[in-house]
Amino acid sequence: MIEHQEGKANFKANLSGKDKGPGKRKGVFYNPSMKFSRDLNVEFAKKLNFNGLFLDGMAASGIRGIRLALECNYNVEFCDTSKLAVEAIKDNLKLNNLQSEVFHDDLQNLVKERQYDWIDVDPFGTPAPYLESIIENVNDGGILGIAATDTAVLCGAKPSICFKRYGAYSMKRVAAKEVGIRILLGRIQALASNYNRSIEPMLSYSEGHHLRVFVKIIDARPISLKWLNQDMQVLAEEAPESAGPIWMEKIIDSELVPENCEGQLGKFFDTLRKEAEGPPGLFDINDIARAAQIGQTPKKLKIVECLEKEGFFASVSIFSPIGIKTNAPHDIRIRAIENAQSL
Ligand SMILES: C[S@@+](CC[C@H](N)C(=O)[O-])C[C@H]1O[C@@H](n2cnc3c(N)ncnc32)[C@H](O)[C@@H]1O
């Protein structure tokens with residue numbers, strides 16, 4: 001194992017990835033490309049007034065939980081099915097002068113036996129097999145942090161597997177990742193309703209090869225999952241080429257998006273905060289330009305500015321570099337892109 005440093009933590013793990021991709025599964029897993037996800041988790045955790053018990057449920061080296069303990073003073077416990085990982089977490093706790101419980105167990109067993117206020121699930125691939133047990137067992141008002149790296153399935157490349165795994169049809173192209181998040185949230189909500197519970201999304205995003213949601217588990221409330229067609233219209237019923245049934249309410253609570261962060265993470269949060277208030281779905285700026293018969297697509301920010309001048313909601317999105325979130329109808333989108341040309 002190699003010694004690494006991330007945030008305020010020093011720790012040992014195998015190097016399981018480089019700068020991109022999901023990383024290899026051998027040894028004690030540590031993928032440096034997920035630092036952004038852990039930095040984001042730390043800032044989000046600081047923003048909340050959380051003083052319960054956090055479970056780093058698929059901890060590997062324990063880096064996520066160790067950072068939350070060191071940088072946010074969280075009370076964290078750890079779990080992993082790998083004996084090697086459990087030994088590494090214990091060593092890494094010592095290395096950082098922390099004391100905590102570490103369980104060599106399947107997360108699904110542990111959550112039945114111990115009470116947690118926040119459970120983090122960070123699997124290799126799909127979180128689908130683990131959803132039911134964490135939804136059922138997390139404390140009332142508790143938080144679930146759920147990562148998914150089965151992006152091909154959630155985001156349009158494998159629709160039949162998506163339907164089998166998540167009970168929903170995915171969408172290709174510009175809105176694929178946002179729809180992937182809505183599929184995951186829809187599945188969590190559907191399972192929660194079996195336990196007389198509902199979800200309240202706190203923060204959702206996609207970055208690199210993964211999607212992640214943070215949801216609060218609340219008492220049941222009536223929620224209907226809906227469909228999104230290719231024109232980004234919300235439908236109550238299934239229609240050809242539409243995605244669904246998916247979560248169609250807000251996926252980000254703008255009040256919970258951390259402020260005053262610097263660099264790439266700060267920009268990411270600024271975009272999330274703004275797009276949180278927009279309608280579901282994204283429009284491809286190149287499609288709008290084609291429809292307006294414009295040869296070269298104007299800059300995204302100029303298009304946003306022109307849509308806003310028309311009096312509509314408009315924002316860029318972390319879910320696609322070529323996507324715009326807006327409630328402006330087709331003719332206004334065309335006029336805005338024509339106006340953006342001359343800005
Ligand atoms: C992707 S890694 C976790 C990475 C870690 N959270 C981080 O930020 O570096 C997945 C880990 O989950 C563990 N694991 C797989 N299935 C599990 C289960 N059912 N219960 C607990 N741990 C599990 C694996 O041994 C592996 O260490």
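All ligand and atom numbering here is 1-based and tracks the order in the structure. The shown structure was predicted, so the numbers you read here are calculated from the model rather than taken from an experiment.
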Min heavy-atom dist [X] to ligand 1 below 4.0 Å:
X: S61; result: no
X: F29; result: yes
X: N31; result: no
X: G57; result: yes

Can you list the ligand 1 atoms lying under 4.0 Å from a non-hydrogen atom of [X]?
X: D122; answer: 1 (C), 2 (S), 3 (C), 4 (C), 5 (C), 6 (N), 7 (C), 8 (O), 10 (C)
X: A60; answer: 3 (C), 4 (C), 5 (C), 27 (O)
X: D105; answer: 20 (N), 21 (C)
X: S82; answer: 25 (O)

Ring-ring centroid check Y116 F54, cutoff 6.0 Å:
no
Under 3.5 Å between some N or O of ligand 1 and some N or O of Q108?
no
What protein heavy atom sits nearest [atom], and how far away is it?
atom: atom 8 (O) of ligand 1; result: R38 NH1, 2.9 Å
atom: atom 19 (N) of ligand 1; result: D106 OD1, 3.1 Å
atom: atom 12 (O) of ligand 1; result: M58 CB, 3.3 Å
atom: atom 18 (C) of ligand 1; result: T81 CG2, 3.6 Å

Which of the listed options, D80, V121, V111, holds the heavy atom that is closest to atom 27 (O) of ligand 1?
D80
For atom 20 (N) of ligand 1, the option (of D120, L55, L107, I89) bearing the nearest heavy atom:
L107
Would you please say whether a donor-acceptor pair under 3.5 Å links the side chains of [X] and [Y]?
X: D106; Y: T81; result: no
X: R64; Y: S37; result: yes
X: S315; Y: E275; result: no
X: T126; Y: D150; result: yes
X: Y195; Y: E132; result: yes

Quick check: is Y130 connected to L144 through a chain of hydrophobic side chains (ILVMFWY, heavy atoms under 4.5 Å apart)?
yes
In one Ile/Leu/Val/Met/Phe/Trp/Tyr side-chain cluster, 4.5 Å: Y169, M232:
no
Region of [X] engaging ligand 1 - heavy atom pairs below 4.0 Å:
X: A59; answer: backbone
X: Y130; answer: side chain
X: I63; answer: side chain

Describe, in one word, how the ring planes of H4 and Y30 are oriented to each other, choosing from parallel (under 30°), tilted (30 to 60°) and perpendicular (over 60°).
tilted
With a 4.0 Å cut-off on N to O distance, would you call R290 and D284 a salt bridge?
no
Ionic contact status for K46 with E71, cut-off 4.0 Å:
no
